[in-house]
Amino acid sequence: MLAPKRAKFRKQFRNRRKGLAVRGSSLSFGSHGLKSQQTAWITARQIEAARRAMTHYTKRGGRIWIRIFPDKPVTKKPAETRMGSGKGDVDHFVAVVKPGAILFEMGSIDSTVALEALRLAAHKLPIKTKIISR
């Protein structure tokens with residue numbers, strides 16, 4: 001699964017998640033893409049599940065680009081722990097996704113296959129998405 005190799009700081013603030021995607025909002029590599037329509041944290045596991053669904057459907061044909069990376073650590077305290085005593089340990093990593101961000105791109109593959117693969121990938125994600133083409 002995707003995770004940063006190293007980070008300047010181990011734990012991060014949660015921050016605000018409002019506004020539209022400023023960068024990464026147009027197709028750069030492939031001819032078809034999956035564009036987000038909502039704000040969310042997408043976990044590394046969800047990205048991997050979507051990637052596997054696309055790769056499996058295309059029978060490893062064509063090219064797939066993952067345009068988001070889970071670089072934000074999310075902490076979690078152990079179960080049945082009392083309040084206080086600091087912030088919990090890093091549990092998993094998420095990618096902050098805003099409306100308009102391109103999540104995945106596909107290229108050098110038949111259009112109908114690419115559209116179906118992106119549809120399957122969209123079902124693995126916790127947000128509303130839109131399939132776009134060049």
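Computation of the quantities below employed the complete heavy-atom set of this structure, encompassing side-chain atoms and omitting hydrogens, waters and symmetry-equivalent molecules.
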Any side-chain heavy-atom pair of [X] and [Y] under 4.5 Å:
X    : Y    : result
L27  : E105 : yes
M106 : W65  : no
F93  : T43  : no
K35  : L103 : no
F104 : H32  : no
D89  : K76  : no
I132 : I102 : yes
M54  : L120 : no

Can you confirm whether more than 12 heavy atoms, excluding those of [X], are under 6.0 Å from its [atom1] atom?
X   : atom1 : result
K11 : NZ    : yes
K59 : NZ    : no
R17 : CZ    : yes
R14 : CZ    : no

At what distance, to the nearest 0.5 angstrom, does [atom1] of [X] lie from [atom2] of [Y]?
X    : Y    : atom1 : atom2 : result
Y57  : R119 : OH    : CZ    : 8.5 Å
K5   : D71  : NZ    : CG    : 13.0 Å
I42  : F69  : CD1   : CZ    : 14.0 Å
K77  : R82  : NZ    : CZ    : 12.0 Å
K130 : I127 : NZ    : CD1   : 12.5 Å
S111 : E116 : OG    : CD    : 12.0 Å

Looking only at non-hydrogen atoms, find the nearest pair between [X] and [Y] and report the distance.
X    : Y    : value
T39  : G19  : OG1-O, 4.4 Å
I68  : A95  : CB-CB, 4.3 Å
S36  : K98  : OG-O, 2.6 Å
L115 : S133 : CD2-OG, 4.2 Å
I109 : G61  : CD1-O, 3.7 Å
M1   : A44  : SD-C, 4.1 Å

Check your understanding: Short question: side chain of Q38, backbone of K128 - any donor-acceptor pair under 3.5 Å?
Key -> yes
Exercise for review: Go through the steps for K72 and Q12 under the test side-chain hydrogen bond (donor to acceptor under 3.5 Å, both in side chains), then give the verdict.
Suggested key: CA-CA 7 Å; K72 185 182 192 67; Q12 260 184 35; 3.2 Å; yes
Point to revise | Basic-acidic side-chain contact under 4.0 Å: R51, E48 | key: yes
Practice item. Please check if V74 and I47 belong to a single hydrophobic cluster, counting links between Ile, Leu, Val, Met, Phe, Trp and Tyr side chain heavy atoms closer than 4.5 Å. Key: no
Review point. Would a hydrophobic clustering, with Ile, Leu, Val, Met, Phe, Trp and Tyr connected at side-chain separations under 4.5 Å, put V96 with L2?
Key: no
